[in-house]
Amino acid sequence: MSTSPTIVLVHGAFADAASWAPVTSLLLEQGHAVRVPPVYNRSLSADAASVRAFVEQIDGPVLLAGHSYGGAVITVAGVAENVVGLVYVSGYALDEGESLGQLQGGFPDSDLAANLVYTPYPVEGGEPGTDVSVAIDAFPAVFAAGVPEATARVLAVSQRPLAAFAFGEPASDAAWKTKPGWGIVSSADHTINPDVERFGYTRAGLRSVVEIDAPHLVMQTNPAEVVAVITGALAELAGEAGAAASSGAEHRVAS
């Protein structure tokens, strides 16, 4: 690996790229190359294709980090050739052929399930789709616990919904089968049952999993700890690349 990977931060449902802002700021201050693309939350396949296309336009290796639904997105998009690792942050590590609904269905519901709002949206030339969002009055406690109240109120009225279709769409790939991964469990998560995160990470054989006593928006409440996991993954990848390069040089000398 001749250059340090670009870190691509992928946001989840009911949020946007700004949800990563505290982490983005710290990574930039440390001198890392960072990109935070939009996720349109229309379908898992379309969102993953969009992120993959974004990643493939980056010159050099990429470390993908996905929060929440963004974890499902990087699971599929991470098969891009220049992706060298995956970091799951309070996220869904789906298996190939598995949907969000199937993975969640194996565990008790979080507080999110009882506080979802379903709204139709127009689809050109077809039946209306359904957007899913979090009830505004419940958003601060269910999704933005631990975030300052004034900020949580703003997030509640500016959330990016997720199309209901995405919940039942199976993942076409599982990049963790061929790419190394790291994970963060938010043990005080009220949006995703933390056991869903733990199960997915264990099944994926992630190299390390860190439990943080934090709510779902751990990037907002505990940004330094999230950055530590991301930069730790970078260091591990760099060490392996250096060892491989050294081994290759020794082999060339010997031959």
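Proximity of V76 to S172: side-chain heavy atoms (C-beta onward) are separated by under 4.5 Å at one or more points. Put simply, the side chain of V39 does not reach to within 4.5 Å of the side chain of S50, judged on heavy atoms. Proximity of E98 to R203: side-chain heavy atoms (C-beta onward) are separated by under 4.5 Å at one or more points. With contacts defined as side-chain heavy-atom distances shorter than 4.5 Å, the pair E127/P120 does not qualify. Within the 4.5 Å cutoff, the side chain of L44 has heavy atoms near those of the L94 side chain. For the pair V62/E56, no side-chain contact is recorded, criterion being any heavy-atom separation below 4.5 Å from C-beta on. Y92 has its side chain out of reach of T75: every pair of non-hydrogen atoms, C-beta onward, lies at least 4.5 Å apart. Between L63 and T6 there is no side-chain heavy-atom pair separated by less than 4.5 Å.
A continuous path of hydrophobic side-chain contacts links V34 to F54 [ILVMFWY only; heavy atoms under 4.5 Å]. Linking ILVMFWY residues whenever their side-chain heavy atoms come closer than 4.5 Å, directly or via other members, leaves Y40 and Y69 in distinct clusters. The cluster map of Ile, Leu, Val, Met, Phe, Trp and Tyr, joined by side-chain heavy atoms under 4.5 Å apart, puts V134 and Y118 in the same cluster. With hydrophobic clusters built from ILVMFWY side chains whose heavy atoms lie under 4.5 angstrom apart, L28 shares a cluster with M219. Grouping the Ile, Leu, Val, Met, Phe, Trp and Tyr side chains by contacts below 4.5 angstrom, directly or via other members, places L26 with V36.
Between H32 atom NE2 and T24 atom OG1 the span is 12.0 Å, to the nearest 0.5 Å. The distance from atom CD1 of I230 to atom CG of L64, rounded to the nearest 0.5 Å, is 11.0 Å. Here CG of D213 is found 4.5 Å from OG of S187. Values are rounded to the nearest 0.5 Å. The CD1 atom of I184 lies 12.0 Å from the CG atom of D189; values are rounded to the nearest 0.5 Å. Annotation: the span from E96 atom CD to W176 atom CH2 amounts to 9.0 Å, rounded to 0.5 Å. In this structure, CG in D109 is found 9.5 Å from CG in D111, a value given to the nearest 0.5 Å.
Checking E169 against S45 by side-chain atom types alone, a donor-acceptor pair falls below 3.5 Å.
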Given V185 and Y88, is the side-chain contact (heavy atoms from CB on, under 4.5 Å) satisfied, shown in steps?
-> CA-CA 8 Å; V185 173; Y88 290 89; over 6 Å; no
Derivation and outcome, side-chain contact (heavy atoms from CB on, under 4.5 Å), residues T231 and L27 = CA-CA 9 Å; T231 55; L27 289 171; 4.0 Å; yes
Starting from the C-alpha separation in whole Å, work towards a yes-or-no answer on side-chain contact (heavy atoms from CB on, under 4.5 Å) for L217 and L155.
-> CA-CA 11 Å; L217 287 179; L155 296 176; 4.1 Å; yes
List the steps and the verdict of side-chain contact (heavy atoms from CB on, under 4.5 Å) for L116 and F14.
-> CA-CA 11 Å; L116 293 175; F14 321 130; 4.2 Å; yes
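Remark: side-chain polar atoms of K179 are paired, donor with acceptor, to backbone N or O of A80 under 3.5 angstrom. Judged by distance alone, the side chain of D173 and the main-chain N or O of A175 form no donor-acceptor pair under 3.5 Å. W182 contributes no side-chain N or O that, together with a main-chain N or O of L206, makes up a donor-acceptor pair within less than 3.5 Å. Proximity of a side-chain donor or acceptor of Y201 to a complementary backbone N or O of G91 within less than 3.5 Å is detected. Although no hydrogens or angles enter the test, the distance criterion places a donor-acceptor pair under 3.5 Å between the side chain of Q220 and the main chain of S19.
Across every non-hydrogen atom of A214 and T221, the tightest pair is CB-OG1, 4.0 Å. Across N115 and V142, no two heavy atoms sit closer than the pair ND2-CG2, 3.8 Å. Between L100 and A72, the closest heavy-atom pair is CD2-CB, 3.9 Å. For A17 against H11, the heavy-atom pair with the smallest separation is N-CD2, 3.4 Å. For the residue pair G12 and N41, the shortest heavy atom distance occurs at O-ND2, 3.8 Å. Across every non-hydrogen atom of G60 and N82, the tightest pair is O-ND2, 3.2 Å.
Screening S68, S186, S90 for a side chain to side chain donor-acceptor pair (under 3.5 Å) involving H216 leaves a single residue, S68.
Judged as a ring-ring contact (aromatic ring centres under 6.0 Å, His included), and not counting sequence neighbours, the contacts of F139 are F143.
Atom CZ of R42 is surrounded by more than 12 heavy atoms from other residues, nucleotides or ligands within 6.0 Å.
In summary, D137 and R153 do not engage in a salt bridge, as defined by a charged side-chain N under 4.0 Å from a carboxylate O.
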